[in-house]
Amino acid sequence: MERTPEIFEKIEAYLSNSLSTEDSIAFEQELTANTELQQEVEKHRIMHTILADQDTLAFKEKLISISAKIKQEETANTALLTNRFSLFKIAASIVVLSGVGVLLWHIVYTKNQTRDLDLYSAYYEPYPVEDIIRGKVNKDAEKVVKHYNNGSYDSVVYTLEKHPGLKEHQALQIYLGNSYLNTNQEEKAAKEFKTITGKGKYYEIAQWYLSLTYLKLNKSGKTKTLLKEIIQYNGAYKNKAHRLLMAMEK
């Protein structure tokens with residue numbers, strides 16, 4: 001699809017509901033059959049969303065100012081415009097709009113990433129030590145508990161990665177996954193939480209921390225899917241999962 005000012009104007013008219021009924025029907029028929037046009041319309045929708053945001057008001061005002069200057073220039077120099085110069089302006093407009101599209105995508109991505117990290121900080125709490133110290137523990141486990149309780153997560157990782165019976169102690173796996181999260185090793189954390197299967201106590205705990213891991217990785221889709229599963233599981237983390245899911249969908 002050739003990206004021209006005429007196409008952009010038609011898209012804007014369609015999104016603002018200013019096309020005639022006949023033109024609107026014809027445009028929608030073309031939209032159904034043209035994937036590239038669908039993508040272009042979606043870019044313009046995103047642009048509208050971003051420009052409506054208070055955080056990008058200054059950027060919006062700059063675009064309005066530039067548009068006004070271009071119109072003023074065209075009015076003052078209409079007699080001097082040549083076909084060659086007109087073609088140059090069309091090409092330049094396409095380049096500028098492409099750049100704006102990339103910038104707006106970056107703004108959307110950055111805002112989403114910031115929001116996810118803010119939610120992660122609000123909802124993440126290390127799994128408490130007192131909940132998993134029950135019965136006798138060996139020296140390695142005692143060492144892990146001490147380091148974990150003091151926030152020495154690197155030491156926890158170092159000890160548990162060498163622990164021969166780690167897979168037999170799901171509580172220690174929860175420790176290790178949390179320690180990975182606190183040492184910026186999110187992919188390892190996700191992998192560790194995924195190894196906890198079954199429908200026991202630690203399975204739900206692992207699912208909750210796995211959802212937070214995905215949130216920290218800015219994988220909102222996977223986070224929401226897990227949160228819905230936790231809610232359906234109807235266990236101890238149901239309410240937390242419900243609140244986080246609502247916060248993500250605002």
Side-chain angles (χ1 to χ4, degrees), residues 42 45-46 48-56 104-134 144-145 147-154 156-157 160 166-167 169-250:
E42 186 59 28
R45 280 201 179 99
I46 292 173
H48 286 199
T49 301
I50 293 300
L51 294 181
D53 196 300
Q54 289 297 319
D55 292 340
T56 55
L104 290 176
W105 177 88
H106 177 72
I107 292 172
V108 172
Y109 178 80
T110 302
K111 284 170 68 66
N112 287 342
Q113 189 175 43
T114 301
R115 183 205 62 177
D116 287 352
L117 287 175
D118 287 343
L119 286 173
Y120 172 81
S121 298
Y123 280 83
Y124 175 76
E125 292 180 359
Y127 188 68
V129 168
E130 53 270 22
D131 281 357
I132 65 174
I133 303 178
R134 292 181 180 176
V144 167
V145 167
H147 289 315
Y148 186 86
N149 197 37
N150 291 334
S152 302
Y153 298 112
D154 284 319
V156 175
V157 169
L160 287 183
L166 180 65
K167 303 305 178 185
H169 301 280
Q170 292 184 337
L172 294 181
Q173 288 182 270
I174 296 293
Y175 271 135
L176 181 56
N178 273 264
S179 297
Y180 280 140
L181 275 177
N182 284 284
T183 52
N184 299 315
Q185 299 181 76
E186 290 79 18
E187 296 294 347
K188 285 187 176 182
K191 185 177 179 180
E192 193 64 39
F193 292 132
K194 285 179 183 178
T195 63
I196 300 177
T197 57
K199 296 297 179 181
K201 168 187 175 182
Y202 293 110
Y203 172 76
E204 185 192 10
I205 294 169
Q207 293 299 98
W208 169 249
Y209 282 105
L210 180 58
S211 72
L212 292 177
T213 303
Y214 285 141
L215 186 63
K216 192 177 181 183
L217 287 168
N218 195 226
K219 295 181 179 180
S220 298
K222 288 188 174 183
T223 302
K224 290 179 181 179
T225 298
L226 271 177
L227 291 175
K228 290 174 183 177
E229 291 177 3
I230 293 169
I231 292 170
Q232 192 171 17
Y233 188 82
N234 198 27
Y237 285 86
K238 176 181 178 179
N239 292 335
K240 284 186 177 182
H242 184 265
R243 289 197 299 270
L244 178 53
L245 183 60
M246 292 300 100
M248 292 184 69
E249 291 182 340
K250 283 184 179 179

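For reference, positions follow the sequence shown, starting with 1.
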Contact summary for [X] and [Y], nearest pair of heavy atoms:
{"X": "Lys228", "Y": "Leu245", "result": "CG-CD2, 3.9 Å"}
{"X": "Leu227", "Y": "Ser211", "result": "CD2-OG, 3.8 Å"}
{"X": "Val156", "Y": "His147", "result": "CG2-CB, 3.7 Å"}
{"X": "Glu204", "Y": "Ile230", "result": "OE2-CG2, 4.2 Å"}
{"X": "Tyr203", "Y": "Gly198", "result": "CG-O, 2.8 Å"}
{"X": "Arg115", "Y": "Ser220", "result": "NH2-OG, 3.7 Å"}

So how far is it from [X] [atom1] to [Y] [atom2], rounded to the nearest 0.5 Å?
{"X": "Thr223", "Y": "Leu226", "atom1": "OG1", "atom2": "CG", "result": "7.0 Å"}
{"X": "Lys219", "Y": "Glu186", "atom1": "NZ", "atom2": "CD", "result": "10.0 Å"}
{"X": "Leu166", "Y": "Tyr175", "atom1": "CG", "atom2": "OH", "result": "13.0 Å"}
{"X": "Asn178", "Y": "Tyr153", "atom1": "CG", "atom2": "OH", "result": "7.0 Å"}
{"X": "Leu215", "Y": "Leu210", "atom1": "CG", "atom2": "CG", "result": "11.5 Å"}

Would you say that more than 12 heavy atoms from the other residues, nucleotides or ligands in this model lie under 6.0 Å from the [atom1] of [X], or not?
{"X": "Glu249", "atom1": "CD", "value": "yes"}
{"X": "Glu42", "atom1": "CD", "value": "yes"}
{"X": "Lys167", "atom1": "NZ", "value": "yes"}

Quick one: does any side-chain atom of [X] pair with a main-chain N or O of [Y] as donor and acceptor, under 3.5 Å?
{"X": "Lys216", "Y": "Leu181", "value": "yes"}
{"X": "Thr213", "Y": "Ala190", "value": "no"}
{"X": "Gln170", "Y": "Ile196", "value": "no"}

**Asked** Where does the angle between the aromatic ring planes of Phe193 and Tyr209 fall among parallel (under 30°), tilted (30 to 60°) and perpendicular (over 60°)?
**Response** parallel

Mind checking whether His242 and Met246 have side chains closer than 4.5 Å, heavy atoms only?
yes

Audit row: Tyr124, Asn182, side chain to side chain donor-acceptor pair (under 3.5 Å) steps and yes/no | CA-CA 10 Å; Tyr124 175 76; Asn182 284 284; 2.8 Å; yes

Sorted by chain and number, sequence neighbours left out, side-chain contact (heavy atoms from CB on, under 4.5 Å) with Tyr123 holds for Leu119, Trp208, Leu212, Arg243, Leu244, Ala247

